Amino acid sequence: QVQLVESGGGLVQPGGSLRLSCVASGRTVDYATIGWFLQAPGKEREAVSFIRLTNNATNYPNSVKGRFTISRDDAKNTVYLQMSGLKSEDTGVYYCAARKRRIGAIVSTRFLFNSSAYDYWGQGTQVTVSS
């Protein structure tokens with residue numbers, strides 16, 4: 001059974017920083033893509049970043065571009081989300097998600113921003129940005 005375990009959430013003031021971690025059972029290289037999603041109160045889950053593990057390509061929506069950075073450490077089976085310049089609208093539960101490798105599959109960047117592209121999900125970690 002695949003498990004993704006997030007950590008690193010907490011309360012931070014506007015303008016502050018946090019680093020979230022997602023530890024995957026098995027090897028990160030066994031997955032095609034790992035993403036981070038935010039579910040803000042009363043809103044649908046939306047992608048804030050993902051990394052294609054085949055070529056290390058990263059993507060971000062405009063709302064977090066320049067403020068969030070996704071990275072990987074295969075030795076630790078961990079994907080990180082470094083968040084800086086945090087805003088109140090960044091508040092919510094952050095989920096880590098993984099997409100399995102599929103032989104011969106080619107998926108668009110646009111598709112990977114969609115939560116339905118992912119096969120496995122963690123339990124989430126709460127981030128609250130407030131003064």
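Keep in mind it's a predicted model, so treat the numbers as computed, not measured.
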**Q.** Separation of K100 NZ from D30 CG (nearest 0.5 Å)
**A.**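 Separation between the atoms: 12.5 Å.
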
Q.
Check for me, please, whether F111 and Y118 land in the same ILVMFWY cluster - side-chain distances under 4.5 Å, paths through other members count.
A. yes

Q: Decide whether V93 and W121 are clustered together by the hydrophobic rule: side chain heavy atoms of Ile, Leu, Val, Met, Phe, Trp, Tyr closer than 4.5 Å, transitively.
A: yes

(Q) Strictly distance-based, threshold 3.5 Å: is any side-chain N or O of E6 a donor or acceptor partner for the main-chain N or O of Q123? (A)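 Between the backbone of Q123 and the side chain of E6 there is a qualifying donor-acceptor contact (under 3.5 Å).
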
Q. Ignoring hydrogens and geometry, is there a side-chain-to-backbone donor-acceptor pair from Y95 to G35 under 3.5 Å?
A.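 Checking the backbone N and O of G35 against the side chain of Y95, no donor-acceptor pair under 3.5 Å is found.
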
**Q.** Pairs flagged by salt bridge (charged side-chain N to carboxylate O under 4.0 Å, His left out) wherever residues 38-59 is involved - sequence neighbours left out
**A.** none

Q: Among residues two or more places apart or on two chains, list those pairs meeting salt bridge (charged side-chain N to carboxylate O under 4.0 Å, His left out) that have a residue in residues 107-120.
A: R102-D119

(Q) Other members of the hydrophobic cluster containing I106, with the 4.5 Å side-chain heavy-atom rule, please. (A) none

**Q.** Cluster companions of I51 among Ile, Leu, Val, Met, Phe, Trp, Tyr (side-chain spacing under 4.5 Å)
**A.** V2, L4, V12, L18, L20, Y31, I34, W36, L38, V48, L53, Y60, V64, F68, I70, V79, L81, M83, L86, Y94, Y120, V127, V129

Restricting to non-hydrogen atoms, name the atom on [X] and the atom on [Y] that form the minimum distance, rounded to 0.1 Å.
X	Y	result
S49	P61	N-CD, 4.3 Å
R99	A117	NH1-O, 2.8 Å
T78	S21	CG2-CB, 4.2 Å

Q: For R72, check salt bridge (charged side-chain N to carboxylate O under 4.0 Å, His left out) against everything at least two apart and list the hits.
A: D74

Q. Who are the salt bridge (charged side-chain N to carboxylate O under 4.0 Å, His left out) partners of R67, not counting sequence neighbours?
A. D90

(Q) So, using side-chain hydrogen bond (donor to acceptor under 3.5 Å, both in side chains) as the criterion, who are the partners of R19 when residues are at least two apart? (A)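 Counting only residues at least two positions away or on another chain, R19 forms no side-chain hydrogen bond (donor to acceptor under 3.5 Å, both in side chains).
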
**Q.** Sequence-distant partners of S116, side-chain hydrogen bond (donor to acceptor under 3.5 Å, both in side chains), two or more places apart
**A.**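 With neighbours one apart ignored, the set is N114.
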
Q: May I have all residue pairs that pass disulfide (SG to SG under 2.5 Å) and include part of residues 98-131, sequence neighbours excluded?
A: none

Q. Taking only residues at least two apart or on different chains, which pairs with a member in residues 102-131 satisfy disulfide (SG to SG under 2.5 Å)?
A. none

**Q.** Partners meeting ring pair (Phe, Tyr, Trp, His ring centres under 6.0 Å) with F113 (sequence neighbours left out)
**A.** F50

Q: For S17, check side-chain contact (heavy atoms from CB on, under 4.5 Å) against everything at least two apart and list the hits.
A: Q82, S84

